[in-house]
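Heads up, the thing below is written out as structure tokens.
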Amino acid sequence: FISPLVNLVYPHACLVCGREGVLVCPRCLFSLPQSQPACLGCGVASQFGQTCGGCRERVMIDGLLTLSPFDDRRVQRLVKALKYDNIRAHIAPWLEARHDLLLQFHEERVIVPVPLHKKREQHRGYNQAEVIARAVAVMTGWPVVPALCRTRPTEDQTTLTKIERAKNVAGAFAVQADLAWTVNGQHMLLVDDVATTGATLNAAAGEFKKAGAASVWAFTLAHADQK
């Protein structure tokens, strides 16, 4: 892992290989593995990452777009640089390298970052999902709307099982009452850093469906294998 200290001495050292000159060098950027489109519910290959027919009753997300598999160490470095070190200049070029994913939509979408609880965001100083959402908005021209809020704090999902994750985030989200009009009848795009079991995305998407959303897709930088 390239220590953040490297970027204090060499502000433009590649986060992946350490080469000086740019935060992520083109060779590393275009050598990153690409995620194969698959159903978030069962993992079966599907067109564009759509949720398959067998999972639609239990999966609230209509489809998942994701850039890379999280089990690749290079991908982990890039995601963690944003999430824990607030290093963000590599997000836009990473998205641009896979712009085809988002341009497959024929309709405008309302971009909503998955919110952190207020206390966690205050402690961290920013929401990494919002950073990604803003970069997506620049690329697509779609609006970013903070239409979702956390109703209570939740445990860190990292060490939890699939069942524990679902219980942890159940009822943890709500649509902002004064922004419900931005959801009803609209096509939504939930944005987060990593999708694993999909528990967080499903809990959030369920609230959008209750508020009358026409469809809810998700976009993440990476997708981790389910535990």
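Quantities reported herein were computed from a predicted structural model and do not represent experimental measurements.
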Pairs involving residues 180-218, ordered by first then second residue, that meet ring-ring contact (aromatic ring centres under 6.0 Å, His included) (sequence neighbours left out):
F105-W217
Any side-chain heavy-atom pair of [X] and [Y] under 4.5 Å:
{"X": "E108", "Y": "P143", "answer": "yes"}
{"X": "W142", "Y": "L189", "answer": "yes"}
{"X": "L67", "Y": "W94", "answer": "yes"}
{"X": "C17", "Y": "C25", "answer": "yes"}
{"X": "C52", "Y": "C42", "answer": "yes"}
{"X": "N168", "Y": "Q157", "answer": "yes"}
{"X": "L95", "Y": "L221", "answer": "yes"}
{"X": "R165", "Y": "T196", "answer": "yes"}

By side chain to side chain contact (heavy atoms under 4.5 Å, CB included), which residues pair with V138, not counting sequence neighbours?
none
Using the test salt bridge (Lys or Arg N to Asp or Glu O under 4.0 Å), find all partners of [X] that sit at least two apart in sequence or belong to another chain.
{"X": "K167", "value": "none"}
{"X": "R109", "value": "E107"}
{"X": "K118", "value": "none"}

Among L160, T159, T158, which one satisfies side chain to side chain contact (heavy atoms under 4.5 Å, CB included) with D156?
T158
May I have the step-by-step check of side-chain contact (heavy atoms from CB on, under 4.5 Å) for R19 and R27, ending in yes or no?
CA-CA 10 Å; R19 179 181 295 130; R27 185 178 70 176; 2.5 Å; yes
To the nearest 0.5 Å, what is the distance between [atom1] ([X]) and [atom2] ([Y])?
{"X": "H117", "Y": "R120", "atom1": "NE2", "atom2": "CZ", "answer": "9.5 Å"}
{"X": "F173", "Y": "T200", "atom1": "CZ", "atom2": "OG1", "answer": "5.5 Å"}
{"X": "E121", "Y": "K119", "atom1": "CD", "atom2": "NZ", "answer": "14.5 Å"}
{"X": "L78", "Y": "D193", "atom1": "CG", "atom2": "CG", "answer": "12.5 Å"}
{"X": "C28", "Y": "L23", "atom1": "SG", "atom2": "CG", "answer": "11.0 Å"}

I need the minimum non-hydrogen distance between [X] and [Y], along with the two atoms involved.
{"X": "Q34", "Y": "P69", "result": "C-CD, 4.0 Å"}
{"X": "L82", "Y": "I91", "result": "CD2-CD1, 3.8 Å"}
{"X": "T182", "Y": "M188", "result": "O-SD, 3.9 Å"}
{"X": "Q176", "Y": "C149", "result": "NE2-CB, 3.6 Å"}
{"X": "A133", "Y": "V191", "result": "N-CG1, 3.8 Å"}
{"X": "G171", "Y": "T151", "result": "O-OG1, 2.8 Å"}

Any Lys/Arg nitrogen of D62 or K209 sitting under 4.0 Å from an Asp/Glu carboxylate oxygen of the other?
yes
Are the side chain of [X] and the backbone N or O of [Y] linked by a donor-acceptor pair below 3.5 Å?
{"X": "N127", "Y": "V114", "answer": "yes"}
{"X": "E164", "Y": "T161", "answer": "yes"}
{"X": "T51", "Y": "V59", "answer": "no"}
{"X": "H99", "Y": "E96", "answer": "yes"}
{"X": "R77", "Y": "D72", "answer": "no"}
{"X": "R74", "Y": "L29", "answer": "no"}
{"X": "Y126", "Y": "K83", "answer": "yes"}

Look at the side-chain heavy atoms of Ile, Leu, Val, Met, Phe, Trp and Tyr, link any pair under 4.5 Å apart, and say whether [X] and [Y] land in one connected group.
{"X": "V44", "Y": "I61", "value": "no"}
{"X": "V22", "Y": "L15", "value": "no"}
{"X": "M139", "Y": "L103", "value": "no"}
{"X": "M60", "Y": "V169", "value": "no"}
{"X": "L116", "Y": "V145", "value": "no"}

Within a reach of under 6.0 Å around CZ of R73, are more than 12 heavy atoms found that belong to other residues, nucleotides or ligands?
no
Applying side-chain contact (heavy atoms from CB on, under 4.5 Å) to L190 and T220, what does each step give before you reach the verdict?
CA-CA 8 Å; L190 268 171; T220 64; over 6 Å; no
Run the side chain to side chain donor-acceptor pair (under 3.5 Å) test against R124 and tell me which residues pass, sequence neighbours left out.
Q128
Give the C-alpha distance, both sets of side-chain angles, the deciding distance and a yes or no for side-chain contact (heavy atoms from CB on, under 4.5 Å) between F70 and H223.
CA-CA 5 Å; F70 192 66; H223 182 217; over 6 Å; no
Would S68 and S35 count as having a side-chain donor-acceptor pair, cut-off 3.5 Å?
no
Steps toward side-chain contact (heavy atoms from CB on, under 4.5 Å) verdict (I132, R134):
CA-CA 5 Å; I132 302 166; R134 296 291 176 190; over 6 Å; no
